Each structure stands twice: as C-alpha cells, then as structure tokens.
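Structure first, commentary second.
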Amino acid sequence: MCKKGIYLVCDYPTKDSFFEAVRVCDDFNMDFLEIGFPFSDPVADGSIIESAAFDVLKKENVNNFIESTKEVKKLFRNKLYIMTYANIVFGCGMEKFAAAVGFVDGLIIADLPYIESRRLKNVLNKYGINLIHFVTPESSCADIDKIKKSSNDFIYFVSTRGITGGAFSLDDETRKKVIYTKQNSKNDVIVGFGIQNKDDIKEACRYADGVVIGTQAVKNLKSGDFYSFVRDLV
Amino acid sequence: MKRYFGEYGGQFVPETLMRALSELEEAFLNFKKNMDAKKELEYYQKNYAGRQTPLYYAKNLSSRIGCRVYLKREDLLHTGAHKLNNTLGQILLAKFMGKKRIIAETGAGQHGVATATAAALLGMECVVYMGKKDMERQSPNVERMKLLGAEVVSVEKGSMTLKSAINETLRDWVKNVQTTHYLLGSAVGPHPFPVIVKYFQEVIGKEARKQILKAESRLPDSVVACVGGGSNAIGIFSGFVKDSVDMIGVEAGGESLELGKHSATLTMGRPGILHGALSYLLQDEYGQVADVHSISAGLDYPGVGPEHSYLKDIGRVRYDACFDNEALEAFRLLSRLEGIIPALESSHAVGYVIKHSELFKDKLVLINLSGRGDKDLGIIASLEEKNV
C-alpha cells in the first residue's frame with residue numbers, strides 16, 4: 001500500500017484552476033488532499049509555496065478559504081485536511097475556526113509542535129476534527145512514542161531538516177526513525193517535504209504508508225501541467 | 001523551566017526545532033551554573049565591551065523640561081547599543097554548546113553588528129539576515145558587518161524588514177539545526193529565547209539601580225525605555241520590577257495609530273502567534289500579520305516579547321506610543337542640548353518624556369538610552385531633503 005496525497009494552496013493560482021485541480025485529484029483517486037490556508041509569515045515553507053500564498057492573500061481572507069474548502073468537500077470523495085499556521089486558527093478564535101471547518105477530517109498546523117497541541121486538540125475533539133502530529137529526523141524515540149499514542153489520524157513524517165520544496169532523501173538515521181514510527185502504529189505514517197516524483201514515492205513507501213506532494217504539485221498547477229503530473233504519479 | 005509568562009510565550013515552531021530548543025534550554029541552565037563561563041562573560045563585559053556603562057544626569061535636558069532626567073548610557077557600549085550584552089552572552093553559550101556557526105536576524109543592524117563582533121571575537125562563522133529595505137536605510141551597519149567578517153544576506157520577500165529577516169533566519173535554522181546556533185537578538189521568539197535574552201540584558205537594570213541609588217540615594221519615580229521586541233526595556237525593567245517604581249514602555253507610533261502606519265503592538269494589538277510565541281501582535285481580523293511602520297528600523301516589528309504582554313496585562317508596566325515626528329524632535333533636541341546623538345529607537349523613549357513633561361514635573365526619571373544614532377544619519381539626511 002502506498003497512499004498518495006496532494007497539497008494545494010487554497011484558490012491558487014485562480015479559484016477555477018484550483019477547483020479543476022481538485023477534480024483531477026478525484027479522477028485519479030488520490031487518497032487525500034491537504035488544502036493550504038495561506039498565512040503572511042509561513043516559516044516552514046520554501047519560496048514556491050510562500051509566493052503562492054502571498055498571491056492569494058492579495059485578494060482573499062480565511063472566510064474565502066473556508067467557503068472554497070466546502071466546495072472541495074463536494075468535489076473530492078476521499079480524506080480532506082486543512083494545513084495552515086497557528087495564528088490563522090488562533091487569530092480567528094479556535095472555537096469559531098473549528099466550528100466552521102467541522103466537515104474536514106483533520107487539521108495540520110505547521111508551527112504547532114506536539115508540546116503545544118493540547119489546547120487546540122481539546123477544542124477540535126468537540127467537532128470531530130483530528131489534529132495531525134509531526135515526527136521529524138530530530139524526534140527522539142520517547143517523543144515518537146508519545147505522538148504515536150496520542151494520534152488518531154495519520155502521522156506526518158517530515159523527511160528532511162528544512163522547509164518545503166527541498167530535495168528528497170532519507171538518510172540511514174531517518175529511515176530508522178520512519179521504521180520506528182511505523183512499528184505497532186495504529187495509524188498511517190505519511191512522508192512529506194521534498195517528494196517530487198514516482199521514484200521518491202517508491203523510495204518513501206518502502207518504509208512508510210504513503211506520501212504527500214506539495215511544492216511540485218503547486219509548481220505544476222501554476223505552469224499548467226497539473227493533469228499530466230498527477231497522472232504520472234499513479 | 002516555565003515556558004510561559006502567564007498565558008504568553010510557548011514554543012510555536014515547526015516540530016523539527018523542538019530538539020534544538022530543549023538542548024538550548026538545558027545548555028543555558030548549565031551555563032548559568034558554570035563559574036568559568038560566568039567569569040569569562042564578566043571578563044569580556046568589562047574589558048572588551050566597556051561595562052559598566054555610565055549613568056549620566058542630563059542637566060540641560062532636565063532644566064528644559066522641568067524634571068530630573070538620568071540617562072543609562074548603553075549607547076557607550078562597544079558597537080553602540082545594548083545589543084552586545086546579549087550577543088556576548090549567547091556567543092559564549094554557543095561555544096559552550098560546541099556550535100561553530102552563528103546565524104542572526106537584524107532590523108536596524110545593531111544586533112547584526114553586535115553578533116558579527118562577538119562571532120569575530122570567538123572565531124565563528126556568522127551569517128546575518130537583513131531585510132532589503134533595512135539594508136538600504138541602515139547601510140553603514142551593513143558595511144560594518146561585512147568588515148567584521150559576517151555574510152549579510154538580503155531578504156527580498158514579504159515586508160523586507162525585521163519580520164522577513166526573522167522568517168528567513170528560522171528557515172536557515174530548521175535546515176542547519178545540528179551545527180548552528182540561532183543568536184536571536186530580542187526578547188522574542190520561542191522559549192527559552194525570551195528568558196535567555198532577558199538574562200543577558202539584566203545587567204542594565206542591575207547597574208542602573210545601583211548607580212541611581214548612589215547618585216540620588218533613592219530610586220527613580222519612573223523608568224522609561226523604548227520597546228520594539230523589548231530587549232533593552234526588559235533589561236532595565238528587571239532592575240526595578242520588584243520596587244514601587246513606575247515603568248513605561250514606549251512603542252513606535254509611526255505616522256499615526258491606524259493599522260499599517262505604526263508598530264505599537266502592545267498599545268494597539270491583540271494576542272496572536274508569530275515567530276514561536278503567543279504574545280500581543282498587530283494583525284488583521286483574519287489572523288494575518290499586519291504591515292507595520294516606524295521611522296526606526298529597530299522598532300519596525302509587528303510582535304513583541306511575551307513577558308511584556310504579561311507585564312501589560314497585570315498592569316505592572318504601562319505601554320504607550322511616541323510618533324515618528326516626536327522621536328525625531330527628541331533626536332535633534334538631545335543632540336543639541338547634551339551632545340549625545342541617540343539612536344532613533346531610543347529617541348522614542350526620550351520623545352515620550354519630553355512630550356509628557358508635565359506628567360514628570362519635578363520627578364526623578366531614568367531613561368534607558370539603548371543606542372547611539374550615528375547609524376541613523378542617512379535617514380535624517382533624507383528627511384532634511386524633504387524638509388521634515
């Protein structure tokens with residue numbers, strides 16, 4: 001099994017081509033979608049996703065993103081997640097935000113490490129939304145154990161030290177961490193950051209349950225090659 | 001260690017940085033207990049940086065505005081601002097941790113220069129991120145950093161000021177976390193940075209308290225400091241926080257208090273999360289961080305250190321704003337009256353006292369003169385061309 005997920009920046013490059021991309025992902029039966037809600041200071045993202053976010057922010061706000069994600073829910077049959085930064089959730093009010101996005105499967109917050117997650121998790125639980133936790137090459141086995149225990153959806157394994165859009169590689173130590181994370185885990189372990197093509201997917205899925213592709217998807221959507229890009233992943 | 005000041009602070013960073021933050025916390029706790037490290041820091045503070053800095057009674061300014069004003073002369077510290085207190089401390093901490101590469105953000109360039117200086121002193125590789133807009137308006141400091149052997153990286157994204165520089169430094173740190181120490185320059189960021197920066201800046205408050213007691217045989221009525229991220233303010237306030245002394249933090253009111261035209265975070269903002277901490281933040285109603293403005297690059301920042309948010313909420317410190325033109329007036333007045341050219345940042349604290357002189361009438365006022373203004377002459381010259 002090798003699950004495939006695609007990350008898209010909400011409403012980028014235009015609302016129409018964004019929805020068209022969602023349809024393509026549904027046609028090729030992608031296992032999940034992550035919809036990125038742009039934030040003014042995306043410290044975990046490389047320049048491609050960052051500049052896409054800045055483009056969208058010139059004309060839209062979080063209310064537009066929520067409305068568009070409701071449309072996505074109608075167009076895409078598999079699992080649906082929102083990926084954003086802490087202040088988008090906090091700045092809107094955690095309760096208000098959770099109530100507005102109760103239709104998604106989970107939330108991924110790039111700057112919310114496990115240690116700070118309890119407060120948001122309590123709120124999300126009330127609305128049946130899962131909070132996705134990260135494991136990284138820097139995580140200790142003790143941390144990984146805690147994260148495995150408290151996860152009730154997939155675990156996001158950040159493959160490299162760095163930001164989105166880098167090159168993909170799994171060094172020995174990292175591979176061991178992926179294997180450790182998967183051991184006796186009731187949840188899928190999904191590898192992200194740096195996945196670019198079928199070879200990377202194959203390599204990641206030797207150890208993990210799936211991958212998520214972000215920067216390359218955003219890049220290909222912008223250049224108009226999204227359909228063939230997704231087709232070639234299958 | 002506590003990660004929060006009341007409800008403010010925390011560690012809102014990508015999971016990849018968590019190990020580095022807990023290693024930093026542990027090393028800092030050991031560093032504080034290590035007598036050799038302490039002695040080494042004291043040696044450099046005294047013989048290299050020029051501590052203690054004087055406390056100066058500003059006679060001419062005092063008689064002009066009708067109160068007794070003392071200036072804590074951090075402008076006389078090596079490199080021209082209080083920033084070196086923190087960079088000397090953190091560079092020794094980095095050495096203690098075995099790190100060889102130092103990265104830093106800078107706004108006005110004072111922290112960048114202080115970092116490059118400390119890195120040169122200890123022979124470490126140093127990279128400083130600086131917004132393109134700030135590189136233009138504080139160009140002498142760019143030259144100084146290069147001369148000191150640092151690589152200065154121009155950040156040409158987002159606001160191209162301090163906020164963008166911090167974003168880019170965080171990105172570098174996530175990539176190079178195993179070898180690199182992030183030498184954060186203000187009392188902001190994820191825990192333990194606000195605690196570490198305060199620890200190294202407390203020397204200002206300790207000295208100032210002793211000096212004013214010696215000079216006046218009593219504590220001041222008010223202590224005033226400018227607040228951008230808040231490192232010089234937290235440093236001087238720490239000396240008086242337990243006394244019944246009125247404390248005022250002065251933020252950059254910019255052109256006006258309309259969102260986008262100022263950097264008065266505590267005066268006008270509401271709690272939010274930026275650069276690793278929950279603290280007051282200038283943001284729009286949708287949680288996007290607002291554009292900010294200040295004539296002073298060092299105050300041009302939408303966030304503020306989490307301890308200041310706490311001190312505001314419990315009512316221990318009062319925060320207010322000083323506008324661009326008031327700071328400029330103070331800049332000129334202090335130069336003329338006392339022969340001291342203050343940094344535009346520090347001019348906000350002086351400007352506040354001048355503007356509200358009736359509040360301070362016959363009172364004993366201590367102002368932290370956090371830096372000197374040579375770096376700002378370019379800004380002043382371009383304003384004079386426009387007759388401001």
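Numbers restart at 1 for each chain; the letters A, B, ... are given by sequence-line order, proteins then strands. The structure presented is a predicted model; accordingly, all values stated were derived computationally and were not measured.
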Inset, instruction - With the side chain counted from C-beta on, respond yes when A:Glu138 and B:Gln178 share a heavy-atom pair under 4.5 Å apart, and no when they do not. - result: yes
Inset, instruction - Below 4.5 Å from any heavy atom of chain A, which atoms of B:Leu278 appear? Answer side chain, backbone, both or neither. - result: side chain
Inset, instruction - Decide if atom NZ of A:Lys73 counts as having more than 12 heavy atoms of other residues, nucleotides or ligands within a radius under 6.0 Å. - result: yes
Legend entry - Gap between atom CZ of A:Phe65 and atom OH of B:Tyr286 - 0.5 Å precision: 10.5 Å
Inset, instruction - Indicate yes or no: at least one non-hydrogen side-chain atom of B:Glu15 is less than 4.5 angstrom from one of A:Val158. - result: no
Legend entry - Residue part contacting chain B, namely of A:Asp143, when any heavy atom lies under 4.5 Å: neither
Inset, instruction - Among the options B:Ile273, B:Val174, B:Asp172, B:Leu281, pick out the one with the most heavy-atom pairs lying under 4.5 Å from chain A. - result: B:Ile273
Inset, instruction - Can you see which heavy atom on B:Gln11 is nearest to which on A:Ile115, and at what distance? - result: OE1-CD1, 3.8 Å
Inset, instruction - Decide whether A:Asn61 and B:Gln288 meet the rule of one side-chain donor and one side-chain acceptor closer than 3.5 Å. - result: no
Legend entry - Among A:Gly166, A:Pro42, A:Gly46, A:Ser117, residue most engaged with chain B (heavy-atom pairs, under 4.5 Å): A:Pro42
Inset, instruction - Return yes when atom CD of A:Gln183 has more than 12 non-hydrogen atoms of other residues, nucleotides or ligands closer than 6.0 Å, and no otherwise. - result: yes
Inset, instruction - Just give me the residue among B:Ala290, B:Gly272, B:Ser159 that pairs up with chain A most often, heavy atom to heavy atom, under 4.5 Å. - result: B:Gly272
Legend entry - Among A:Leu57, A:Thr136, A:Asn87, residue most engaged with chain B (heavy-atom pairs, under 4.5 Å): A:Asn87
Inset, instruction - Taking the side chain as every heavy atom from C-beta outward, state whether B:Val289 and A:Phe39 have any pair of such atoms under 4.5 Å apart. - result: yes
Legend entry - disulfide bond (SG atoms under 2.5 Å apart) partners of A:Cys205, counting only residues at least two apart: A:Cys2
Legend entry - Residue selection (most heavy-atom pairs with chain B, distance under 4.5 Å) from A:Phe90, A:Phe134, A:Tyr156, A:Phe54: A:Phe90
Legend entry - chain A contacts, top residue of B:His275, B:Glu285, B:Arg270 (heavy-atom pairs, under 4.5 Å): B:Arg270
Legend entry - Validation row: B:Arg19, A:Ser140 side chains within 4.5 angstrom (heavy atoms): no
Legend entry - Neighbour count >12 (heavy atoms, 6.0 Å) for atom NZ, A:Lys15: yes
Legend entry - Pairs satisfying salt bridge (charged side-chain N to carboxylate O under 4.0 Å, His left out), at least one member in residues 101-122 of chain A, at least two apart: A:Glu116-B:Arg3
Inset, instruction - Working to the nearest 0.5 Å, report the span between OG of A:Ser47 and CZ of B:Arg171. - result: 8.5 Å
Legend entry - Residues, nucleotides or ligands: over 12 heavy atoms within 6.0 Å of A:Phe18 CZ: yes
Legend entry - Winner by heavy-atom pair count (cut-off under 4.5 Å) against chain A, out of B:Leu274, B:Leu170, B:Asn167: B:Asn167
Inset, instruction - Could you check which of B:Gly276, B:Ala20, B:Gly287 has the highest count of heavy-atom pairs closer than 4.5 Å to chain A? - result: B:Gly287
